[in-house]
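Since the structure comes first, as structure tokens, the remarks are kept for the end.
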Amino acid sequence: MIGHMYFPLLLQPTKSFPSALLSLLLVMAVHSSRTVSLSRSQNCGIPLQQSLKLTRLILKESVELIRTYASQGAMSELFCKSSSSEVPQPKISGLEPSERLLSVSSILQSFLPHLQRVLEQQTDLQSPSSRLLTELSNVRNRSTSLASVISCLYQNLFPNLPAPEPAGGPTQMPPPQNIFQQKVYGCVVLRRFKDFLLNVARELRTLKSRVCRMPPANTLF
């Protein structure tokens with residue numbers, strides 16, 4: 001009789017073990033979810049804000065640069081819209097966020113040699129103290145920094161994907177030009193680069209809403 005009375009009691013802790021295990025797993029899942037969210041915020045938010053801030057700064061400077069450039073040679077707006085197969089197009093391509101950010105990096109890398117070429121051409125045409133040269137140099141230098149920041153952002157967000165190619169990759173450049181052709185070429189480069197920066201700023205804002213605020217995957221919630 002006594003054995004029958006105590007036998008069910010001995011089984012009671014065993015019956016409650018699955019519930020305790022489930023509670024422990026839930027606590028661990030919540031902690032893991034918060035850790036992943038914090039990691040995503042650190043890896044996405046800060047580099048993204050740096051990229052967006054620098055993009056907006058260069059965009060503002062590029063608008064002023066185009067005005068300064070146009071005032072130097074009385075360039076018509078039509079010349080700035082001339083077709084040129086060598087100068088990159090400002091349109092960003094891709095369906096997935098990783099593809100579009102990689103497109104941003106690739107196009108930016110392609111623009112850098114053109115910005116350098118325009119600076120070199122204008123150095124031969126302008127006085128060393130020219131405002132145009134100062135503005136061109138600033139935009140070129142900041143754009144080089146932006147390429148590095150975008151590359152870091154891409155690697156933080158998509159560490160398992162191939163990293164963007166470093167600056168200095170193969171880029172198609174125009175053949176030798178006379179002075180008028182140089183002016184037209186420079187205007188086209190600056191105009192398309194400004195349009196590209198507008199697209200980049202828009203893309204980074206979209207990326208923030210689509211990627212940085214995504215809930216962590218593979219959780220119990």
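The residues of the chain are indexed from 1 along the displayed sequence.
The other residues sharing a hydrophobic cluster with Leu125 are Ile179, where clustering joins ILVMFWY side chains under 4.5 Å apart.
Using a distance-only test at 3.5 Å, with no hydrogens or angles considered, a donor-acceptor pair links the side chain of Gln181 to the main chain of Asn178. Between the side chain of Ser62 and the backbone N or O of Leu59 there is at least one donor-acceptor pair closer than 3.5 Å. Side-chain N or O atoms of Arg140 include none that pairs as donor or acceptor with a backbone N or O of Leu112 at under 3.5 Å. The main-chain N or O of Ser106 is found under 3.5 Å from a side-chain atom of Ser110 such that the two form a donor-acceptor pair. Between the Glu99 side chain and the Leu95 main chain, a donor and an acceptor come within less than 3.5 Å of each other. Judged by distance alone, the side chain of Ser137 and the main-chain N or O of Thr134 form no donor-acceptor pair under 3.5 Å.
Residues Ile58 and Asn138 have side chains not in contact (no heavy-atom distance under 4.5 Å, counting atoms from C-beta outward). Contact of the Tyr154 side chain with the Val104 side chain is not registered, since no non-hydrogen atoms from C-beta on lie closer than 4.5 Å.
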Output, in order, the C-alpha distance, side-chain angles, deciding distance and verdict of side-chain contact (heavy atoms from CB on, under 4.5 Å) for Tyr69 and Cys187. CA-CA 7 Å; Tyr69 189 91; Cys187 193; 3.8 Å; yes
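Shown here are the side chain to side chain donor-acceptor pair (under 3.5 Å) partners of Arg56, two or more places apart in sequence or in another chain: there are none. In this structure, the side chain to side chain donor-acceptor pair (under 3.5 Å) partners of Gln155, at least two apart in sequence or on a different chain, are Ser151. Under the side chain to side chain donor-acceptor pair (under 3.5 Å) criterion, Glu96 pairs with no residue, sequence neighbours left out. Applying the salt bridge (Lys or Arg N to Asp or Glu O under 4.0 Å) rule to Arg100 yields the partners Glu203; only residues at least two apart in sequence or on another chain are considered.
Here Leu204 contributes atom CG and Leu101 contributes atom CG; the two are 7.0 Å apart, rounded to the nearest 0.5 Å. The CG atom of Leu65 sits 13.0 Å away from atom CZ of Arg191, with the distance rounded to the nearest 0.5 Å. Taking SG from Cys152 and CG from Leu48, the interatomic distance works out to 13.0 Å, rounded to the nearest 0.5 Å. To the nearest 0.5 angstrom, Leu207 atom CG is 10.0 Å from Ser98 atom OG.
Residue pairs meeting the salt bridge (Lys or Arg N to Asp or Glu O under 4.0 Å) criterion with at least one member in residues 115-133, sequence neighbours excluded, are Arg131-Glu135.
Neither side chain, Lys183 nor Gln121, offers a donor N or O lying under 3.5 Å from an acceptor on the other.
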